[in-house]
Amino acid sequence: MANEEQLAKLRAGIDGWNQWREENGGVEIDLSRANLSNAELNHANLSKADLSRVNFIGASLSEADLSSANLSRADLSGADVNKADLTGATLTGANLLGADLAGTVLSKAILSGVNLNRSDLSSVNLSECDLSKASLIGVEMSRANLMAADLRGANLKRAELQRAKLSKANLSDANLEDARLLSADLSEATLEETNLHGARLNRANLAGAEFANANLKEANLLGANLKSASFANAQLSNVNLSGADLTQTVFQDADLEGAVLEGATFNETVMPDGTVRSES
C-alpha cells in the first residue's frame, strides 16, 4: 500500500515533490495502489518508484521521469504520457488503452502482457523492449524504434508500422494479420510461425529475416528487399513479390501457389523444390 506521507507530498505540488526527491535520493518511494486518476503529474520525478496497481486513469504525466519505475498492473488508460521517460520501467500487465505515448522513451522497458490497444506509439523508442504477449491491436507505431524488441506472441493485428525499425526484433508466433509495414526495417528479424496474412510489406527491408513456417498468404511484398531471407515451409500463396530482390532467398518447401513474381530478381534463389534459380 502507498506511503501516505509520500502521497501527501506528491499531491501538495510537483515542484516541492521534485525538490524533496532531490534532497532524499536514497528514500524508497511506495505509491502502490494509490488513486491518482486525473492527477496533474507533468515533469514529476517518479523514477524507481513503486507505482504498481496505481490508478492513473486520465492522469497527465507528460515529460515525467518514470525510469526504472514499477508500473505493474497500473491503469494508465487515457493518460497523457507524452515525452515521458520510461527507460527500464516495468509495465507488466499494465493497461495503456488509448494512452498518448507519442515521443515517449520506452527503451529496455518490460511491457509483457500490456494492453496498448488504440494507443499512439508513433516515433516512440521501444528498442530492446519486452512486449511478449502484449495486445497492440490497431496501434499507431509508425517510425517507432523497436530494434531487438521481444514481441513474441504479441497481437499486432492491423497495427500501423510504416517505416518502423524492427531489425533483429523477435516476432515469433506474433499476429501481424493485415498490419501495415510499408518501408519498415525487419532485417535479421525472427518471424517464425508469425501470422502475416494480408500484411503490407511493400518496399520493406527483410534482408536476412527468418520466416520459417510463417503465414504470408495474400501479403504484399512489392519491391521488398528479401536478400538471404528464409521462408522454409512458409505459406506464401497469392503473395505479391513483384519487383522484390530475391537474391539468395530460401523458399525451401514453401507454398508459392498463385504468387506474383513479375519483375523479381532471382540470384542463387532456392525454390520450393530445392532447385537454385538465377537470372541475368
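The closest side-chain donor-acceptor pair between N205 and N225 falls under 3.5 angstrom. A side-chain N or O of Q162 and one of S142 form a donor-acceptor pair less than 3.5 Å apart. Between N175 and N195, the side chains place a donor N or O and an acceptor N or O closer than 3.5 Å (distance only, hydrogens not considered). A donor atom on one side chain and an acceptor atom on the other are not found under 3.5 Å apart for N170 and T190. Using modelled atom types and a 3.5 Å distance limit, the side chains of N3 and D30 yield no donor-acceptor pair. Side chains of N42 and S60: a donor-acceptor N/O pair is present below 3.5 angstrom, by distance only.
In terms of the ring pair (Phe, Tyr, Trp, His ring centres under 6.0 Å) criterion, residue partners of F251 (sequence neighbours excluded) are, by chain and number, F231. Evaluation of the side chain to side chain donor-acceptor pair (under 3.5 Å) rule for S112 yields no partner, not counting sequence neighbours.
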Point to revise | side-chain contact (heavy atoms from CB on, under 4.5 Å) between T247 and E268, intermediate numbers included | key: CA-CA 6 Å; T247 301; E268 299 182 32; 5.8 Å; no
Exercise for review: Verify side-chain contact (heavy atoms from CB on, under 4.5 Å) between L136 and V114, making sure each step is shown before the conclusion.
Suggested key: CA-CA 8 Å; L136 299 111; V114 72; 5.9 Å; no
**Study point:** Stepwise side-chain contact (heavy atoms from CB on, under 4.5 Å) test for L246 and N267
**Key:** CA-CA 7 Å; L246 305 178; N267 184 10; over 6 Å; no
Check your understanding: What's the verdict on side-chain contact (heavy atoms from CB on, under 4.5 Å) for F56 and V81, showing C-alpha distance, side-chain angles and the deciding distance?
Key -> CA-CA 10 Å; F56 282 117; V81 198; over 6 Å; no
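With rounding to the nearest 0.5 Å, the separation of CZ in F211 from CG in L186 is 6.5 Å. For the atom pair NZ (K168) and NZ (K165), the distance works out to 14.0 Å, reported to the nearest 0.5 Å. In this structure, the separation between CE on M271 and OG1 on T249 is 10.0 Å, given to the nearest 0.5 Å. If you take CD on E262 and CG on L222, they are separated by 10.0 Å, rounding to the nearest 0.5 Å. S62 OG to H43 NE2: the interatomic distance, rounded to the nearest 0.5 Å, is 6.0 Å. How far OG of S183 is from CG of N202: 8.0 Å, rounded to the nearest 0.5 Å.
Shown are L151, L206, L191; of these, the side chain to side chain contact (heavy atoms under 4.5 Å, CB included) with L166 is made only by L151. Screening L51, N55, N95, L91 for a side chain to side chain contact (heavy atoms under 4.5 Å, CB included) involving L76 leaves a single residue, L91.
Between L221 and V239 there is a side-chain heavy-atom pair separated by less than 4.5 Å. With a 4.5 Å cut-off on side-chain heavy atoms, V54 and N35 do not count as touching. Counting heavy atoms from C-beta outward, R73 and S52 have side chains that stay 4.5 Å or more apart.
For D173 and R152, the salt-bridge test fails: no basic side-chain N is under 4.0 Å from an acidic carboxylate O. Using a cutoff of 4.0 Å between basic side-chain nitrogens and carboxylate oxygens, R277 and E279 are scored as salt-bridged. For E63 and K83, the salt-bridge test fails: no basic side-chain N is under 4.0 Å from an acidic carboxylate O.
L241 and V250 fall into different hydrophobic clusters, where Ile, Leu, Val, Met, Phe, Trp and Tyr residues are linked whenever their side-chain heavy atoms come under 4.5 Å apart, directly or through other members. Linking Ile, Leu, Val, Met, Phe, Trp and Tyr residues whenever their side-chain heavy atoms come within less than 4.5 Å places L46 and W20 in a single cluster. A continuous path of ILVMFWY side-chain contacts below 4.5 Å connects V27 to L66, so both sit in one hydrophobic cluster. One hydrophobic cluster, built from ILVMFWY side chains closer than 4.5 Å, cannot hold both L182 and M141; they sit in different ones. Linking Ile, Leu, Val, Met, Phe, Trp and Tyr whenever their side-chain heavy atoms come within less than 4.5 Å leaves L61 and L97 in two separate clusters.
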